[in-house]
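Working notes for the structure below.
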Amino acid sequence: MGRVTAAFTHEMKNVLAIIKESGGLMEDLLLMSRDVPFPHRERFMRALTSVQDQVRRGVELSSRLNGFAHSPDQCEAVVDLNDIAQQVAGLSQRPARLKGVEVRVDPASEAPQLLISSIRLQMAVFVAMECCWNQMSKGGTVRLRPEKRPGEVVVEIFCEGDLGERDDFVDRVTGSSQWEMLREIMTGLGGKIEWSLSGFSFFVILPSRGEE
Amino acid sequence: MGKFKVLLVDDEEELVKALAERLELRGIQQEVALNGEQALQIVQDGPPDIMVLDLKMPGIDGLEVLRRVKRAHPRVQVIIMTGHGSEHDEEIARRLGAFDYLQKPVDISELVKTMNRASEMT
């Protein structure tokens, strides 16, 4: 999957580069002919500015996906949980926004590291967030909080907003198909999921292996 | 702006032609190659001062072009400009003698500044 995505992002960057250069060429020509009367000059420049802004946006999106694409597909590597959280949060912006939810990362002061398949871990974190935002009203926030504990590393999925009664929220989340998917992924990773004793959060817990 | 000759190498014809036009507007002499084989032929016939080179191309890829150019014409300064962008590729490119490694899409003013710096090494 990583190789397929890498090829896609490479193509996207070429497309964006063509748009950028062609738009840039139009800007150059407009600037060169500034002494020639042209009633729509300002509108053209505004439109070209918009083109360049969207190219920048496209580049950022492509870069986020590229970071994901260059994660090793199957093999395990020592990963930094703060980096993983940032990466997944970046990739999740669009689907979260469609649900009216914001994603934030509260990085750990001491970066937790473990030996794991980066892509599978990212899938776990993404599905964990999906479990939440599918059950949240618009205007809420899902926060990712990586944490190092003795013998294990943890990502807390912390939900904020208008969530209703806690027991009802827990029932809705754990009754979802995404929760079942998350359980399968975590079992495959040798980890587990635990709800907090109170509040609207649960923990994705993995045994720490191969920390540096 | 210093006087130097640039060879742009990329299989994306629209990109490389738009870039060539923008460089021409800035008084920079340039030539275009759409693949590695063409680039190597042009270098053999008359080496440029600077090459702006994509990495992923059909046929001979950019790293192989870089390797051959630096071996035969070490004074040609090669600026990699790629949408592929792994740290691993950058490391290899720099080890093979690339002057700089830029990610597409590149800002034209940044590219021209890089070319000016590279021209001081030719």
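Protein chains get the first letters and strands the later ones, always in sequence-line order, with residue 1 at the start of each. This structure is a prediction, so every number in the text was calculated from the model and none was measured.
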Residue by residue, which of residues 33-59 of chain A have a heavy atom closer than 4.5 Å to a heavy atom belonging to chain B?
-> A:V55, A:V59
For A:Q93, does the CD atom have more than 12 heavy-atom neighbours from other residues, nucleotides or ligands under 6.0 Å away?
-> yes
Could you list which of residues 11-20 of chain B have a heavy atom closer than 4.5 Å to any heavy atom of chain A, in residue-number order?
-> B:E12, B:E14, B:L15, B:A18, B:L19
Contact list for residues 110-122 of chain B, test salt bridge (Lys or Arg N to Asp or Glu O under 4.0 Å), sequence neighbours left out = B:D100-B:R117
Per-residue contacts, residues 16-32 of chain A versus chain B, heavy atoms under 4.5 Å | A:L16, A:A17, A:I18, A:K20, A:E21, A:S22, A:G24, A:L25, A:D28, A:L29, A:M32
